[in-house]
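In what follows, a single structure is set out as structure tokens and then discussed.
Bear in mind that the values here come from a model prediction, so they are computed numbers and not experimental data. Sequential numbering from 1 along the given sequence is applied to the chain's residues.
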Amino acid sequence: TEKEYTYSGEAVYADAKRILTRRWNYRDCVETMITEETKNLVMFIDGSPEIPRAEIAEALKELETRLGQYCGGSYKTSLADSQTPIIKIN
């Protein structure tokens, strides 16, 4: 694969090997596809400076509640921002 370069401040989702999607959820890929065999997944809520952080946190909490209600399972939530720009997922 060809090496990719990012812009200063650009949001990307990446694993240890490569960038999976950049410019928010612009470019999905086979590696992030959800199938019937999927056991673990990561779900993103994208915000912007015009949306207060509290509203984004509330939307994330509502998503977690509804996923638990309709899908079961366990969940962990995190918020990335300019002070915490990187979230590592194990």
Side-chain angles (χ1 to χ4, degrees):
T1 56
E2 191 174 316
K3 188 172 184 174
E4 287 191 67
Y5 297 92
T6 60
Y7 304 101
S8 177
E10 180 181 9
V12 299
Y13 303 122
D15 63 16
K17 297 178 185 172
R18 68 186 193 98
I19 294 173
L20 299 170
T21 186
R22 59 192 294 179
R23 295 181 193 100
W24 302 108
N25 287 323
Y26 171 76
R27 185 181 66 195
D28 294 328
C29 61
V30 172
E31 290 83 358
T32 62
M33 187 183 330
I34 298 170
T35 68
E36 290 181 5
E37 289 79 33
T38 299
K39 301 289 183 220
N40 299 296
L41 64 93
V42 176
M43 190 170 288
F44 301 97
I45 295 177
D46 297 336
S48 73
E50 292 78 27
I51 302 171
R53 181 182 173 94
E55 285 185 36
I56 297 168
E58 182 61 32
L60 185 58
K61 184 65 180 163
E62 183 175 337
L63 173 62
E64 181 180 357
T65 298
R66 291 184 186 269
L67 285 171
Q69 180 181 1
Y70 295 108
C71 302
S74 60
Y75 303 89
K76 176 185 174 189
T77 60
S78 300
L79 285 172
D81 58 20
S82 59
Q83 283 73 46
T84 310
I86 297 173
I87 296 174
K88 292 191 178 189
I89 301 169
N90 299 329

Pairs under 3.5 angstrom only: tabulate donor-acceptor contacts from the side chains of residues 49-56 to other protein residues two or more places apart or in another chain.
unit_1, atom_1, unit_2, atom_2, d
E50, OE1, S48, OG, 3.1
R53, NH1, D81, OD2, 2.3

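- Residues T77 and L60 approach most closely at CB-CD2, 3.7 Å, considering heavy atoms.
- A pairwise comparison of heavy atoms in P85 and A80 identifies O-CB, 4.2 Å as the closest pair.
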Considering only distance and modelled atom types, tabulate donor-acceptor pairs under 3.5 Å from the side chains of residues 62-70, sequence neighbours left out.
unit_1, atom_1, unit_2, atom_2, d
E62, OE2, R66, NE, 3.1
E62, OE2, R66, NH2, 3.4
T65, OG1, K61, O, 3.0

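- Residues forming a side-chain contact (heavy atoms from CB on, under 4.5 Å) with T35 (at least two apart in sequence, or on another chain): M33, E37, T38.
- Minimum interatomic distance between Y75 and C71 (heavy atoms only, all atoms of both residues): OH-CB, 3.9 Å.
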